[in-house]
Amino acid sequence: QSLFGRFIYDFDNKYSLSASIRQDISSKFDPTTDNQKGIFGGVSASWKLSNESFMESTRKYIDNIKFRLGYGETGNQQIPNNAYSAILGEQSSALGLGFLPGNFPNPALTWESLNQTNFGLDFTVLDSRLSFSLDLYKKVSKGFLFQVPLPLYLTGGGGQYGGISAPYSNLGEMENRGYDLTLGYNTKGSNDFTWSSTLVFSHYKNELTSIQSGLNLFEQVNTNGYLPVVATNTVVGSAIGLFYGYQTDGIFNDLTELNAAPLQFGQTVGTAPGQTYLGDVKYKDVNGDGAVDADDRTFIGNPHPDFTFGFTNNFKYKDFDLSIFLQGSSGNDILNLTQRSGTANSMLGQNQLVEALDFWTPTNTDTNIPRPINIENNTNYNISDRYVEDGSYVRIQNVTFGYNLPQSIISKVKMSRVRVYGSVQNLYTFTNYSGYDPEIGSFNQNPLLSGIDNGRYPTPRTFSLGVNVEF
């Protein structure tokens, strides 16, 4: 159920003011409280500087200059139904059908509020040939909704495994600051050749600003063998979903060096499974306590890009047209768990990548692939910086080439326009990433597991031919 109100005022095509307010009532929250109700408002104002009388002398080359300022609130209720109440789930047993608690209820659940403040500038010059738009923004997510990361010994693995699903809660506050810049150019005119381009450039900085009770937001992924491992950690003052694991320093090639190194995960020196020997990964003792263990895990990568961009070019010459769209990302890391499982050399019955053949032996020491160990939980493929790669890329996302048949031909068959075209989607990607596709997104739609390649199906290359006909 929703109520909505809006006010718009414009004066002399120079100044404008608008305001809105809405009330939403959601059944996702406890009906015995006021938590179901969310009220969200917004206000914006603009000033069209180019229409002021003192700008009269600039109108020969300045078409439009406009300043914008706004603040708005929206609500988020994207959680499972009935998370505020206790749910019983059916459970079969030798004694027949029974019922078990399915979740930890949280009647205090309420709306997440997304508050955004932005400042914008638009201008066009040279008879609208050149355009520029800039938006600076600050987004604050207050009381963001997320499932509390309780350990398995408290939940039993969730309701689907006979355990109890962890509760959802308004866990904390997160902030995004950034800007979006759009630059466009159009040749206009009536010449045989025309060209228009649009460049969109975006940058943001993400930060977790507060969280309930100092919780650690560790997030796990299921690796080969369905073994859950911690892949990211989110702490106050840093971006969400940073890769979390061990730092490495190559592979042990010298027995003297191995004997002098910090003890690796409590393992003695030896060749048997469960021992450390030449050809094993050398992990760093980050906290300096003389041993490598879980306390040495640290941040090893950042999935958030320094910037992203999209670049569109449209060309037309007489009856021919060509469109090229490029997109890309720079500065982001990828945690390549496909590489991890494909080079583990830990289970003889599993397929491996070709580079797994370059594993360490006494005669092949110049390699980054450790020795094979026929045990699934050996420490050589712990989550570490060995699997973090630069995810920057530039992709030719779309190329379309078309031709409009001359009017002298199509008019004879009572047609006004016939265009034939061919296009290619995902033509080519320039990247140093070793996986199939650097455009990863979030693993299982979890924002705390962004940039993790755990066998994601790559984007296909698509070829199309078509005809547009108008009568």
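All heavy atoms count here, side chains included; hydrogens, waters and symmetry mates do not.
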Handout entry: N176 versus N206, side-chain donor and acceptor atoms under 3.5 Å
Key =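 Indeed, the side chains of N206 and N176 share at least one donor-acceptor pair under 3.5 Å.
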Handout entry: Donor on one side chain, acceptor on other, D390 and S392, under 3.5 Å
Key =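 Yes, a side-chain donor-acceptor pair sits under 3.5 Å.
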Practice task
Sequence neighbours left out, what passes side chain to side chain contact (heavy atoms under 4.5 Å, CB included) with F119? Give chain and number order.
Solution key: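 Checked F119 against side chain to side chain contact (heavy atoms under 4.5 Å, CB included); matches are F67, L69, L136.
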Practice task
Check side chain to side chain contact (heavy atoms under 4.5 Å, CB included) between N313 and all other residues, then give those that pass, not counting sequence neighbours.
Solution key: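 Per chain and number, N313 pairs via side chain to side chain contact (heavy atoms under 4.5 Å, CB included) with W195, S197, F311, F315.
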To the nearest 0.5 angstrom, please state how far the [atom1] atom of [X] sits from the [atom2] atom of [Y].
X	Y	atom1	atom2	answer
F4	I21	CZ	CD1	10.5 Å
D30	N35	CG	CG	7.0 Å
F471	S416	CZ	OG	8.5 Å
F443	L449	CZ	CG	7.0 Å
Y433	I440	OH	CD1	4.5 Å
L326	Y428	CG	OH	14.0 Å

Donor-acceptor under 3.5 Å ([X] side chain, [Y] main chain):
X	Y	value
D24	G38	no
E112	L145	yes
D453	P438	no
T117	K138	no
Y381	S346	no
K66	S46	no
N51	N13	yes
D358	I369	no
N216	F218	no

Problem - Option from F307, F309, F132 for which ring-ring contact (aromatic ring centres under 6.0 Å, His included) with F201 holds - result: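 Single pass found, and it is F307.
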Please determine whether the number of non-hydrogen atoms from other residues, nucleotides or ligands lying under 6.0 Å from atom [atom1] of [X] exceeds 12.
X	atom1	value
D12	CG	yes
K14	NZ	yes
Y317	OH	no
K142	NZ	no

Enumerate the salt bridge (charged side-chain N to carboxylate O under 4.0 Å, His left out) contacts for [range], please, sequence neighbours excluded, ordered by first and then second residue.
range	answer
residues 433-449	R395-D437, R395-E439, D437-R456
residues 204-222	none
residues 300-321	D321-R419

Exercise for the section: Could you pull out the closest heavy-atom pair between T232 and L448, with the gap in Å? Expected result: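 Between these two residues, the closest heavy atoms are OG1-O, 2.9 Å.
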Practice task
Can you label the angle between the F320 ring and the Y403 ring as parallel, tilted or perpendicular, going by 30° and 60°?
Solution key: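 Aromatic pair F320/Y403 classed tilted.
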Practice task
For residues F29 and Y84, establish whether the separation of their ring centroids is below 6.0 Å.
Solution key: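 Ring centres of Y84 and F29 not closer than 6.0 Å.
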Practice task
Find out whether N118 and R68 are in side-chain contact, i.e. whether some heavy atom of one side chain is under 4.5 Å from a heavy atom of the other.
Solution key: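 The answer is yes; the side chains approach within 4.5 Å.
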Exercise for the section: List the steps and the verdict of side chain to side chain donor-acceptor pair (under 3.5 Å) for T124 and S131. Expected result: CA-CA 4 Å; T124 57; S131 62; over 6 Å; no
Handout entry: Qualifying side chain to side chain donor-acceptor pair (under 3.5 Å) pairs with a residue from residues 236-251, counting only residues at least two apart or across chains
Key =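 Counting only pairs at least two positions apart or across chains, the side chain to side chain donor-acceptor pair (under 3.5 Å) contacts touching residues 236-251 are T248-D385.
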